[in-house]
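Reviewing the structure listed below.
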Amino acid sequence: MVETTRGGWHPVRTIALDRLFLPLSRVSIPPRISITIGVAGVGKTTLVRNFVYLWARGQVGKDFSLVLPLTFRDLNTHEKLSAERLVHSVFPHTGESGLAAAAPSKILLILDGLDECKMPLDFSNTVACTDPKKEIQVDHLITNIIRGNLFPEVSVWVTSRPNVAGQIPGGLVDRMTEIRGFNEDEIKACLEEMFPEDHTLSGWVLRQVQADRALYLMCTVPAFCRLAASALAHLSRSKLGPQDAEPWAPRTLCELYSCYFRMALSGDRQEKGKASPRIEQVAHSSRKMVGTLGRLAFHGLVRKKYVFYEQDLKAFGVDLTLVQSTLCSCFLQREETLASSTAYCFSHLSLQEYVAAAYYYSASKRAIFDLFTEGGMSWPRLGFLTHFRSAAQRAMQAEDGRLDVFLRFLSGLLSPRVNALLAGSLLAQGEHQGYRAEVAELLQGCLRPNVAICARAVNILHCLHELQCTELARSVEEAMESGGLAGLTSPQHRAALAYLLQVSDACAQEANLSLCLSRGVLQSLLPQLLYCRSLRLDNNQFQDPVMELLGSVLSGKDCRIQRISLAENQISNKGAKALARALLVNRSLTALDLRSNSIGPQGAKALADALKINRTLAFLSLQSNEIRDNGARSMAEALATNRTLSVLHLQKNTIGPVGAQLIAETLKQNRSLKELIFSSNSIGDGGAEALAKALRVNQGLESLDLQSNSISDAGVAALTGALCANQALTSLNLRENSISPEGAQELAQALRSNSTLKNLDLTANLLHDQGAQAIAVAMRENQALTSLHLQWNFIQAGAAKALGQALQLNRSLTSLDLQENAIGDEGASAVASALKTNATLTALYLQAASIGARGAQALGDALAMNGTLEILDLRGNAIGVAGAKALANALKVNSSLQRLNLQENSLGMDGAICVATALSGNHGLQHINLQGNHIGESGARMISEAIKTNAPSCTVEM
């Protein structure tokens, strides 16, 4: 399966092999020029061969009567070719008459491996040729075929690595497909296929791959997966590591390849029953191979040459008998071309880079000239460090990154574990110690103030990791965890940040870059942001131009960002429009947080228009963005067609009744929105009534937040009427409105019949005892509500008694909030009495409820019997020493309470010590707050020691 795009690089769909050259829709036509890209080793040639095999069996490509498979390895053997000879080289008996017999539109010409073409294609300067018999340079021939000057009706399929495919102008490409490589299940299947009789081994290898994110990502490439698995299996079999105990897993790329190198030298390669070579033989073989193949690999890498022919081997002094040895077969592949010549290439590009690094490492200790040019110029100061500096400089200057992995391997050969692996074969024991510190300093010196944070700079951090000098990256990682990134501004720190964004598992899950980025730094980090699933960019003073940059990232085909937070920046409608354009094409983003910006109605309209097309965004927060009624109108229009947005936050946007009515009208049709936050607007009773009408019809919305919206009893009456009919809403927030006892009675009536509402928040209204009592009576019948907030409602003991009676019958409520209500000891005693029999309540909040010692004693008696309450909040009361003793006695027997807040309760040192010593028999309490109780420093020390002794797992705040 491959992913296909049309005229660009943005993935559209997954396409099966039998549909690779078919139209994508009823109105489209088959592609003439198709390109399939994929990284080295991902299986492009395997895909081509599989297609040709299946075509020959009549299973795919049934529209083609003739398929002409060619590789650039074959074409490299020719200097000049005509179009006619090109066809004849594949099918010697097919000439003009053969092509005439097969309609040109029924012919597929395959050109496999554009990246291996010895001359780059030049579409700007190549002379047009329409004569199929005229012999021209091979690269000119291919250019004319792709342009349509030759074989204009023949379909052409080109495969290439991504960085080379750009040689073909996008305007000539009808279909672009990409091979994505293995997923997790395919990696597992590959390992099971490699080790069919040893499930323990395949399981161990899989665990090592999954434990290292960088290794896992590389193992999505099939060729690398097999190479890594072979090395890891050898590691497991040979029990390398301290005292030959449990085999240690490679931590770096060079360690892994050194294991593979060691496996090749030992002749293991999964063959049993063979005697291991002697140490002398191993050393001689490794030195001989590195001296011959290594020189070939190194100079091929420098010259961008990855396919070698016999004349190349002779030019570099490679003995052909050595190439045919078992040892070399682990590194080099041999393939016959159509021109009866032999082509050689390394099994994977990374193997060529590793062998090249091993050669350079060995040669640089004695060479007196620049190894990159082999010129006669010698340096005044000879030695390994001079050559390493040259390699680092060359790698930093190579914009295409072709020397990046080579430099990583070269650095890794100086790490202690690689030295231990290869000592006696390729390396001398302990020789790394003389270079390691200086090489680390040299690498960090490459990150000068004038060096931009680019892929080359990030590669320096990879090199330091290979060297096992990770102090720089670790300091930045610690700063990220502690929120101290803003103080790290040097180029070295910024490069380390870019590196962590690319390789860190924590950053992949969420990268918190709030309060620490400037526009320039963000711009330099853009390529690395693609690797993050969740980005927090809050409070960075970002303005609209930065949104253009982020929009380019979100529009990228490789973008993996799922959640992005841009809260508290300086984004206006222009920035919102840039993000909206990205949402039109983005297929990964599921959550966008823009709270506390200034996008206004126009910005809201741009985002709303994008939501009409976007099918992935599920969460959108526009809190505090001044979108007003016009912005609400735009969002309502989007909700009429959008079917994926499930959470919408519109609080603090000066939306009035008109805006609420527009949203409500849309909710009558929308079924996808699950959560709507409308708090801190001004919708009033008119808006509440409109939403109530929508709730009678809508059966999708689950959470509605109408906090602080000037809703009075009229609006509540409409909402409660809707609750009697609605069977979907589970959470309703009406705090900080103007609900009186009459409105509470309406709510109580709805609670008697509603069976779906689970959370009801009536904090900071005007219920008084009369309203709270009505709610309490309803709770005797209601068996759905799990959370009830009645904080700050002028409730007194009478309502508390009614709630206590309700708790004795209710079996659904798990959280009750009565904070800031003067229920006193009498009310607390009533609630406590219910706790003796109630077995469902897990959280009780009684902050600032005028409770004294008597109320605390009643609660203590209840806790001694209750086995379900987990949270008890009594802060801001006056239970004193007597109340503390009562609670302490309860803690000796209670096993369910996990959090107890006794802050500001006049406990004094005696009361606090009573509570602390009581914990010796309690094994459930996890957190206790004793702040504001006039304990004093000496008392605090005594209590701290008592809790450490009696309950070491309990956290205490004093």
Side-chain angles (χ1 to χ4, degrees), residues 797 800 816 818-836 841-958:
L816 176 61
L818 294 175
Q819 299 179 71
E820 309 285 348
N821 287 296
I823 66 172
D825 289 339
E826 190 178 355
S829 298
V831 174
S833 179
L835 288 179
K836 293 178 180 179
L841 200 70
T842 60
L844 178 60
Y845 300 93
L846 297 174
Q847 174 191 354
S850 304
I851 301 171
R854 190 161 60 89
Q857 288 168 351
L859 287 167
D861 293 341
L863 286 176
M865 300 175 63
N866 182 283
T868 55
L869 196 69
E870 298 174 359
I871 300 172
L872 178 59
D873 189 344
L874 290 171
R875 59 187 158 152
N877 287 287
I879 69 172
V881 177
K885 288 181 179 179
L887 291 172
N889 290 331
L891 289 177
K892 294 176 181 178
V893 294
N894 180 281
S895 60
S896 65
L897 201 67
Q898 296 177 10
R899 300 181 69 87
L900 176 61
N901 193 338
L902 297 177
Q903 182 180 353
E904 298 174 2
N905 261 285
S906 305
L907 302 188
M909 188 169 68
D910 292 342
I913 288 176
C914 284
V915 174
T917 53
L919 296 181
S920 59
N922 184 295
H923 301 290
L925 203 65
Q926 299 173 2
H927 186 275
I928 186 168
N929 192 331
L930 297 174
Q931 292 177 324
N933 278 292
H934 307 293
I935 297 171
E937 290 186 15
S938 60
R941 283 194 296 270
M942 292 174 60
I943 292 165
S944 180
E945 289 299 323
I947 291 180
K948 282 181 183 178
T949 304
N950 298 327
S953 61
C954 180
T955 302
V956 60
E957 289 186 63
M958 288 185 291

- Just how far is it from atom CD1 of Ile871 to atom NE2 of His927, taken to the nearest 0.5 Å? 11.0 Å

- Query: Any chance NZ of Lys948 has more than 12 other-residue heavy atoms, nucleotides or ligands included, within less than 6.0 Å?
  - Reply: no

- Which heavy atom of Gly855 sits nearest a heavy atom of Ala828, and at what distance? CA-CB, 4.1 Å

- Query: OG1/Thr955 to CZ/Arg899 distance, rounded to the nearest 0.5 angstrom?
  - Reply: 8.5 Å

- Task: Give the C-alpha distance, both sets of side-chain angles, the deciding distance and a yes or no for side-chain contact (heavy atoms from CB on, under 4.5 Å) between Leu835 and Leu844.
- Result: CA-CA 10 Å; Leu835 288 179; Leu844 178 60; 4.0 Å; yes

- Query: So, Asn877 side chain and Gly852 main chain: donor-acceptor pair closer than 3.5 Å or not?
  - Reply: no

- Query: If only atom types and distance count, is the side chain of Ser833 paired as donor or acceptor with the main-chain N or O of Ser829 below 3.5 Å?
  - Reply: no

- Check whether any side-chain N or O of Asn933 sits under 3.5 Å from a backbone N or O of Gln931 as a donor-acceptor pair, and report yes or no. yes

- Sub-3.5 Å donor-acceptor pair from the side chain of Ser896 to the main-chain atoms of Leu869, do we have one? yes

- Item | Rounded distance [0.5 Å steps], OH in Tyr845 versus CG in Leu816 | 10.5 Å

- Are the side chain of Asp873 and the backbone of Gln847 linked by a donor-acceptor contact shorter than 3.5 Å? no

- Query: Does some side-chain heavy atom of Arg875 sit less than 4.5 Å from a side-chain heavy atom of Glu904?
  - Reply: no

- Supply the atom-to-atom distance Leu925 CG to Asn894 CG, rounded to the nearest 0.5 angstrom. 8.5 Å

- At their closest point, which heavy atom of Ala797 faces which heavy atom of Gly827, and how far apart are they? CB-N, 4.0 Å

- N/O donor-acceptor pair under 3.5 Å between Thr949 side chain and Glu945 backbone: yes

- In short, Ala912 meets Leu930 closest at the heavy-atom pair CB-CD1, 4.3 Å

- Query: Between Asn905 and Leu874, is there a donor-acceptor pair closer than 3.5 Å when you use the side chain of the first and the backbone of the second?
  - Reply: yes

- Note on the structure: To the nearest 0.5 Å, atom CG of Asp861 lies from atom NZ of Lys836 at 5.5 Å

- Step by step, work out the side-chain contact (heavy atoms from CB on, under 4.5 Å) result for Val915 and Ile943. CA-CA 9 Å; Val915 174; Ile943 292 165; over 6 Å; no

- So how far is it from Glu957 CD to Asn929 CG, rounded to the nearest 0.5 Å? 4.5 Å

- Could you pull out the closest heavy-atom pair between Ala890 and Ala864, with the gap in Å? CB-N, 4.1 Å

- Nearest non-hydrogen partners of Ala858 and Ala832, listed with the distance: O-CB, 3.5 Å

- Item | Asn866 (side chain) donor-acceptor with Leu841 (main chain) under 3.5 angstrom | no

- Note on the structure: Note: Ile851 and Gly824 closest approach over all heavy atoms is CG1-O, 4.1 Å

